[in-house]
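Remarks on the structure that follows.
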Amino acid sequence: MDRAETFDMEPRSISPLPLLLVEDDIDLAATVRDHLERRGWSVEHASNGAKALALVMEHSYALVILDQRMPGLTGLELCRRMRGGIARHL
């Protein structure tokens, strides 16, 4: 069995798990969102780090997928801020 077969991206509960997708490329975000929603995730999209930071301060997510290279607040800086306690809960 290879690694791809052992990694399961499907949520385990009956109701969709909330996921935040942070991606500034709108076309790529739409493609990823469609794929994840077909897999049963409830996907919310933020097109930049500032919007994502506002969302994580208001909502709880089972998973956050970050684009590393975004203008302004990068994915790495956003991750640092979330891990540093700026977000209420994830």
Side-chain angles (χ1 to χ4, degrees):
M1 181 180 300
D2 66 23
R3 261 180 123 187
E5 294 173 315
T6 63
F7 186 70
D8 186 6
M9 284 285 295
E10 307 247 356
R12 296 286 179 206
S13 66
I14 292 173
S15 50
L17 291 173
L19 179 149
L20 177 60
L21 172 63
V22 186
E23 172 59 62
D24 62 328
D25 181 324
I26 301 303
D27 293 332
L28 178 57
T31 300
V32 172
R33 181 182 200 150
D34 289 346
H35 176 75
L36 292 169
E37 287 176 342
R38 281 194 309 266
R39 296 281 192 170
W41 291 91
S42 173
V43 180
E44 191 157 2
H45 172 244
S47 59
N48 62 55
K51 288 180 184 177
L53 190 57
L55 287 170
V56 298
M57 292 177 71
E58 293 180 22
H59 305 284
S60 181
Y61 297 99
L63 180 66
V64 177
I65 299 175
L66 301 173
D67 179 2
Q68 171 61 26
R69 296 181 183 172
M70 293 184 292
L73 188 60
T74 67
L76 184 58
E77 181 58 29
L78 176 58
C79 183
R80 285 183 182 135
R81 290 187 187 188
M82 289 189 298
R83 292 187 72 180
I86 288 180
R88 236 180 20 175
H89 53 278
L90 283 175

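We use all heavy atoms of the structure for the numbers below, so side chains are in, but hydrogens, waters and symmetry mates are not.
The nearest pair of heavy atoms linking Q68 to T74 is O-CB, 3.6 Å. When all heavy atoms of P16 and W41 are compared, the closest pair comes out as CB-C, 4.0 Å.
Atom CG of D34 and atom CZ of R39 lie 13.5 Å apart (nearest 0.5 Å). For the atom pair CG of D67 and CD1 of I65, the computed distance is 11.0 Å after rounding to the nearest 0.5 Å. Rounding to the nearest 0.5 angstrom, the gap separating the CG atom in L36 from the OG1 atom in T31 is 11.0 Å. In this structure, S60 OG and L17 CG are separated by 10.0 Å, a value rounded to the nearest 0.5 Å. Separating the CG atom in L66 from the CG atom in L21 is a distance of 9.0 Å, to the nearest 0.5 Å. Here the CZ atom belonging to R38 is positioned 7.0 Å from the NE2 atom belonging to H35, to the nearest 0.5 angstrom.
Side-chain contact between S42 and L19 is absent, with no heavy-atom pair separated by less than 4.5 Å. A heavy-atom distance below 4.5 Å is found between the side chains of V22 and L20.
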Mind listing the side-chain donor-acceptor pairs of residues 45-57 below 3.5 Å, one per line with the distance, residues two or more places apart or on another chain?
{"residue": "H45", "atom": "NE2", "partner": "E23", "partner atom": "O", "Å": "2.8"}
{"residue": "S47", "atom": "OG", "partner": "K51", "partner atom": "NZ", "Å": "3.3"}
{"residue": "N48", "atom": "OD1", "partner": "A50", "partner atom": "N", "Å": "3.1"}
{"residue": "N48", "atom": "OD1", "partner": "K51", "partner atom": "N", "Å": "2.8"}

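Hydrophobic clustering (side-chain heavy atoms under 4.5 Å, transitive across Ile, Leu, Val, Met, Phe, Trp, Tyr) groups L28 together with L63.
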